[in-house]
Amino acid sequence: MACDIAIKIKSKMDAAEAALNSGSTPDELESIRIDILGRNGFFSEISSELKNVPREDKPEAGKAFNEARNRFTELFSAAGKRIESLRKGTEKKLRPDLTLPGRKHRVGKKHPISRVIDDCVNIFRRLGFIVADGPEIETVYNNFDALNTPDEHPSRDPQDTFYFNDGRLLRTQTSPVQIRVMQKQDPPVRIVAPGRCFRRDTPDATHSLNFHQIEGLYVDRDVSMADLKSTLLFFARELIGSKADVRFRPHFFPFTEPSVEYDFSCIMCGGKGCRICKYSGWLEISGAGMVNPAVLRNVGYDPEIWSGYAFGMGIERIAMIRYAINDIRLLYENSSRFLHQF
Ligand code: PHE
């Protein structure tokens, strides 16, 4: 029959084993270690008790004690390894896996309208034009009267233009920037003015309540229609290709005289005729002409000394042709799926 002390050792070791197996932190292990191996721990208690063991029990008690010490050392180191691998496992789970593919951040892109504006401005800059700006809310005077557009002109109709109660309006064209610039400075003037305009159109694939134009104005001595045409030709060739051509068609604008509408040769077919140009070989861009002397007089320029040309063009029109966009409304919907194509 086992002696008392051997029984005591066995039951303590069983308890220690259970504690080591369930411990999950280094601190727990350490307190078990102190409890068993510490200066006032279980083993030092047992070794002093061993002295009082009756002689005949000594071999058994001594053997039990030695075995217990070995057993504890093994159990303790096994528990240490288990806890260490546990820690590594959670750490691995918490640590970001740098080999995974990154999360994609969609970088914004320049809107096709902004791109066309920037391209146009850069071409005109090289010809010495500087950029001018004006407000989208304009006076009736700048948008119409100063531009020689009389009261009875249809574009002044509330059907065609957005008016505010105070008499101002959302500009229908970028042409009022011409007036603002000429009122402020003496000739010569050489500006381009890109910006947003508004008209009471019913939206469809080619019409929008707001749209963009870029206006050009050149006033100097002896400016001629030939200057206008060569400028637009240079512009067309820079914008759409060296083979581009420009044609003028007679037209009417109150603020230019003579006035034209101008076309660029079709960029799709080069002028042969295709679906894009409706088989005409030409793409309508916008209006232009020689600045009407009445407009020069309105801003205090002497038309006997100064002459000039002006032109406007539709930015959406150019963007739609260039990027083959078939509905103007797509340009304003802000769908990133659409915009990321350009
Ligand atoms: N402002 C005119 C329009 O919106 C275009 C234009 C500009 C015509 C300058 C002549 C000169 O249709």
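Start at 1 and go down the list; that is how both ligands and their atoms are numbered.
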Problem - Side-chain donor/acceptor of R82 to backbone N/O of L20, under 3.5 Å - result: yes

Practice task
Could you check atom 12 (O) of ligand 1 against the protein and tell me its nearest heavy-atom contact, residue, atom and distance included?
Solution key: F253 CE2, 3.7 Å

Practice task
Compute the ring centroids of F311 and F235, then answer whether they are less than 6.0 Å apart.
Solution key: no

Handout entry: N or O contact, Q178 vs ligand 1, cut-off under 3.5 Å
Key = no

Exercise for the section: Answer yes or no for R199: is there a heavy-atom contact with ligand 1 below 4.0 Å? Expected result: yes

Problem - Aromatic contact, F124 with Y218 (centres under 6.0 Å) - result: no

Handout entry: Test: K229 cationic atom under 6.0 Å from F248 six-membered ring centre, within 45° of axis
Key = yes

Fill in the blank from the handout: With heavy atoms and a 4.0 Å threshold, my read on which part of F255 contacts ligand 1 is side chain

Practice task
Tell me, yes or no, whether the heavy-atom count around R337 atom CZ, taken from other residues, nucleotides or ligands under 6.0 Å, exceeds 12.
Solution key: no

Exercise for the section: Would you confirm whether the ring centroid of F162 sits within less than 6.0 angstrom of the ring centroid of F198? Expected result: no

Completion exercise
Closest to atom 5 (C) of ligand 1 among protein heavy atoms sits S286 OG, 4.1 Å

Handout entry: Region of C197 engaging ligand 1 - heavy atom pairs below 4.0 Å
Key = neither

Problem - Nearest neighbour in protein (non-hydrogen) for atom 6 (C) of ligand 1 - result: G287 O, 3.7 Å

Handout entry: Numbered atoms of ligand 1 (with element) below 4.0 Å of Q213, judged on heavy atoms
Key = 3 (C), 4 (O)

Fill in the blank from the handout: Nearest non-hydrogen contact to atom 7 (C) of ligand 1 from the set A310, G314, G312 belongs to G312

Practice task
Could you list the atoms of ligand 1 found under 4.0 angstrom from a heavy atom of A288?
Solution key: 8 (C), 10 (C), 11 (C)

Problem - Check: H340 ring centre within less than 6.0 Å of F338 ring centre - result: no

Problem - Contacting atoms of ligand 1, where contact means under 4.0 angstrom from a heavy atom of S175 - result: 1 (N), 7 (C)

Problem - Non-hydrogen atoms of H207 and T202 that approach each other most closely - result: CB-O, 3.6 Å

